[in-house]
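Labels below follow one simple rule: chain letters A, B, ... track the order of the sequence lines, proteins then strands, and each chain is numbered from 1. What you see is a predicted model, and the numbers here were worked out from it, not measured in a lab.
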Amino acid sequence: MKKYIPIQIEPKWQEKWREDKLFSPDMDKASKPFYNLMMFPYPSAEGLHVGNMYPFSGSDIYGRYKRMRGFDVFEPIGLDGFGIHSENYALNIGKHPMDLSKVTEKRFYEQLMMIGDAYDWSRTVETYKPNYYKWTQWLFLQMYKKGLAYRKKANVNWCPEDKTVLADEQVIDGLCERCGSKVELRELEQWFFKITDYAERLLKNLEVIDWSQKVKIAQRNWIGKSEGATVKFGELEVFTTRLDTIFGATFVVISPEHQFVAKLKSEEVKEYVRKAKKKSELERKETKDKTGVFSGEYVKNPLTLEDVPVWVADYVLTGYGTGAVMGVPAHDKRDFEFANKFNLPIKKVVEGDNLPYEGEGILVDSGQYTGMTSAKARQEIPGKKQIQYHLRDWLISRQRYWGPPIPIIYCDKCGTVPVPEKDLPVELPYIKDFRPTGTGQSPLASVPEFYNVKCPKCDGEGKRETDVSDTFLDSAWYFLRYPSTEFADQSFDKQRTKKWLPVDMYIGGAEHSVLHLLYARFVTMVLNDLDLIDFEEPFKTFFAHGLIIKDGAKMSKSKGNVINPDKYIKEYGADTLRVYLMFMGPLSEGGDFRDGGMNGVYRFLQRVWGLQEKLSAISLQLSDQDLRIMHKTIKKVTEDIEAIKFNTAIAALMEWLNYLSRKSQESRVTRQEYKTFLLLLAPFAPHVAEELWQIVKSSVVSRQSSDSLKADSKASLKTDSWSIHKHSWPQFDKNQLEEEEVAIAIQIDGKVRDVVLTQKDIISNKEVVEKMARESAKAQKFLAGKSVKKVVFIPGKIISFVTSAD
RNA sequence: GCUGGUGUGGUGGAAUGGGAUACACGCUCGCCUUAAGAGCGAGUGCCCAAAAGGCAUAAGGGUUCGACUCCCUUCACCAGCACCA
């Protein structure tokens with residue numbers, strides 16, 4: 001027998017699969033389309049590491065399984081190669097990102113082929129290619145036409161290291177998501193998408209999609225809906241969710257950016273505002289100590305009719321509500337601190353324990369509303385109902401080079417003019433100096449050949465927008481492009497999209513819970529409103545995988561803990577690495593990579609390999625026990641794959657292999673068992689399963705006399721492909737799962753003392769089982785001197801005696 | 001602070017109301033081998049020389065004939081949000 005040497009079989013099958021277009025479904029004729037998508041990677045020249053490979057393998061197992069279940073599975077791959085991440089890497093190693101992209105693309109695709117995933121290699125998508133970003137720009141134009149893309153001057157997050165603005169979602173704890181620098185506030189003219197128009201829909205649809213609770217909650221928090229009311233204190237309008245506490249409002253606080261501040265003459269106020277504006281967002285949020293200054297003005301509390309002082313303080317945020325709040329120190333922690341610091345009066349209006357009391361209760365000292373509950377008072381007290389969202393508009397311009405230029409032209413006569421669709425793409429020129437400038441403008445702003453253009457409307461002098469768009473815009477629609485890659489004249493074909501979308505299974509990282517996943521949902525909703533697609537949610541099911549870490553930290557080149565799969569693939573094969581990664585634990589949990597267990601998995605595959613020559617030469621009848629474990633394994637593996645619990649599916653295969661190995665010593669393993677085993681193994685270890693399948697398939701098959709696998713046999717006759725990966729998945733027969741003999745545990749006062757063996761026909765018969773249990777010597781020992789108060793019988797499982805001492 | 005999650009052998013983990021520790025790693029012993037490796041076999045939660053038995057799922061309490069699983073309290077760790085009025 002040939003030895004199992006993975007590198008001798010894996011490339012061979014990878015090539016054959018590709019040649020035969022085995023994993024390229026007929027996009028127009030497919031009768032049972034299944035879109036199986038894995039988040040496409042950011043490529044880097046370092047190449048793919050084990051941390052990337054982990055979820056790809058998980059996604060591929062699911063896809064291969066679905067294909068064997070008869071679906072036309074579409075499993076595409078591409079590269080999210082535009083953006084700061086790739087550009088920074090190019091800067092680091094002193095190469096031009098455009099040149100570098102060619103190298104990384106080659107390297108990444110080579111590695112992705114080596115791990116043997118069932119991708120449709122005829123439909124790759126790279127976001128940095130003009131034939132893709134042409135349509136990203138087109139998408140921008142649709143947003144613009146619909147009034148959802150707008151430009152405004154705003155206080156925006158500025159990363160001094162990456163020298164660009166960032167969206168709110170890309171600022172983590174006041175630090176840049178990419179490089180970790182402290183983010184500053186800068187007032188700049190920027191392009192935004194009006195995602196806030198969709199806040200309610202983004203929130204509401206969460207109820208109907210099959211996503212993990214974790215991700216839904218993260219999105220819900222981010223959208224941050226709160227229901228309250230606005231009330232006028234003189235000319236100042238405040239927003240509150242606790243209208244019931246208005247009688248306790250003893251002052252009003254406005255943010256340093258509030259319009260009202262302009263009217264104030266006091267030097268002290270001006271100084272405070274100047275200082276506050278200079279602070280970074282992080283510093284403003286970090287400071288626990290309240291700061292503020294009295295404005296010198298008073299406004300009237302509309303309910304108490306008292307004049308209350310107006311203060312300016314930076315704990316009030318500009319971008320939320322009206323930028324003004326009523327200060328209720330007795331019932332708000334922050335107002336309480338503020339009042340204490342500046343000696344402002346504290347007036348209790350809700351019954352409660354210690355101040356500040358933030359809970360609900362019965363109102364006191366609140367005029368005609370005294371005695372009402374908080375909830376009732378909120379209904380009764382006059383105010384304009386208002387809903388506020390934490391979500392802010394998506395800032396999409398970037399002052400960088402490596403992205404799609406925003407397709408806008410400014411003309412002195414015509415104003416802001418969108419680039420006509422026929423002129424797309426606005427190609428990103430190859431420029432020598434692509435480094436970020438730090439001036440608030442993109443490097444493209446120093447390239448006159450790029451920005452000097454004719455106005456498309458009046459043919460006069462025009463200037464191009466020189467900012468590029470956020471990488472997250474590239475990835476917000478890529479799933480629409482995959483099925484339509486061959487259409488040069490449209491972003492996505494209507495029929496294709498109708499056939500393949502929404503995505504049936506999407507697997508990706510939980511770190512994208514509020515970035516990519518929210519943007520993609522938003523874009524999909526807009527396209528739905530534009531009548532370009534007939535669904536509002538892009539991903540029916542989303543599964544968040546865990547992370548593979550190394551020595552307790554996420555793999556990254558800077559930490560020097562990157563595990564390259566190449567060496568393991570060479571030594572053990574891609575199959576072993578896949579199975580090892582999946583066997584580590586549930587896909588949702590990730591884990592710490594140690595190669596210690598790899599040998600065990602390798603050994604497992606070797607034993608599978610070795611079994612081929614120990615098969616029974618003659619046709620044997622399978623025993624009841626043989627049949628039971630076979631059907632039990634089919635059931636377990638099937639259900640576990642559906643639930644994405646690959647680790648226990650693999651364990652079930654190992655158990656069956658152990659059983660078959662014992663049988664093989666007497667050459668009693670049948671071809672039927674072995675073939676079934678290979679079919680179940682195929683999604684996990686596709687190369688070795690294929691190799692062995694070809695060996696056992698080609699030898700003469702004597703039809704098993706047992707008809708227990710009838711469904712499978714019939715299906716196999718229908719199969720037109722040579723490959724195991726197109727063969728139909730084995731079916732289990734639940735009649736074969738029942739055991740002839742069942743051991744029922746005897747429990748006495750909660751402790752298992754013995755078991756009784758019962759035949760199939762009596763396992764539900766309480767009287768008989770109880771009699772047998774009472775005859776057990778061990779049971780008698782523990783029942784001696786006690787009287788049985790109660791007997792609980794669970795058929796097939798347990799008989800439980802409850803006693804009391806005599 | 002708020003929200004959600006997790007906590008089981010030396011290690012990764014299994015079991016979601018019914019025999020805790022499946023499956024694997026590691027380790028120990030044995031067989032095989034000139035030797036190493038591989039392979040094969042046995043053992044491996046803790047206490048006890050062993051048997052019998054007892055004790056164990058972060059800690060404590062509760063519900064139940066029966067709890068890793070459900071409920072309450074506490075602790076630890078992880079993730080997301082956080083001066084959002």
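Using P as the reference atom, A24(B) and G39(B) are 13 Å apart when rounded to the nearest Å.
In this structure, K789(A) reaches neither bases nor backbone, as no heavy-atom distance under 4.0 Å exists between it and the strands shown. A652(A) comes within contact range of no nucleotide atom at all, as no heavy-atom separation falls under 4.0 Å. Heavy atoms of V802(A) sit under 4.0 angstrom from primed sugar atoms or phosphate atoms, though from no base atom.
Across the protein-nucleic acid pair, Q606(A) atom CD and G39(B) atom C1' stand 10 Å apart, rounded to whole Å. Whole-Å rounding puts the I629(A) CD1 to A22(B) C1' distance at 12 Å. Protein atom CD1 of I748(A) is 16 Å distant from nucleotide atom P of G19(B), rounded to whole Å.
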Are there any protein N/O atoms within less than 3.5 Å of an N/O atom in nucleotides 11-18 of chain B, and if so, which ones and at what distance?
from	atom 1	to	atom 2	distance (Å)
U11(B)	O2'	R594(A)	NH1	3.3
G12(B)	O2'	M584(A)	O	2.6
A14(B)	OP1	N647(A)	ND2	2.9
G18(B)	N2	Q747(A)	OE1	2.8

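In this structure, K290(A) is not positioned above the aromatic face of F338(A) in the sense of NZ or CZ being under 6.0 Å from the six-membered ring centre and within 45° of the axis.
Within a 6.0 Å radius of NZ in K766(A), more than 12 heavy atoms belonging to other residues, nucleotides or ligands are found. Counted within 6.0 Å of NZ on K570(A), heavy atoms from surrounding residues, nucleotides or ligands total 12 or fewer; the atom is thus considered open.
One side chain, T291(A) or Y272(A), offers a donor N or O that lies under 3.5 Å from an acceptor on the other.
Using a cut-off of 4.0 Å between Lys/Arg side-chain N and Asp/Glu carboxylate O, K333(A) and E337(A) are scored as not salt-bridged.
Checking the phosphate oxygens (OP1, OP2) of G37(B), no side-chain nitrogen or oxygen of R603(A) falls inside 4.0 Å.
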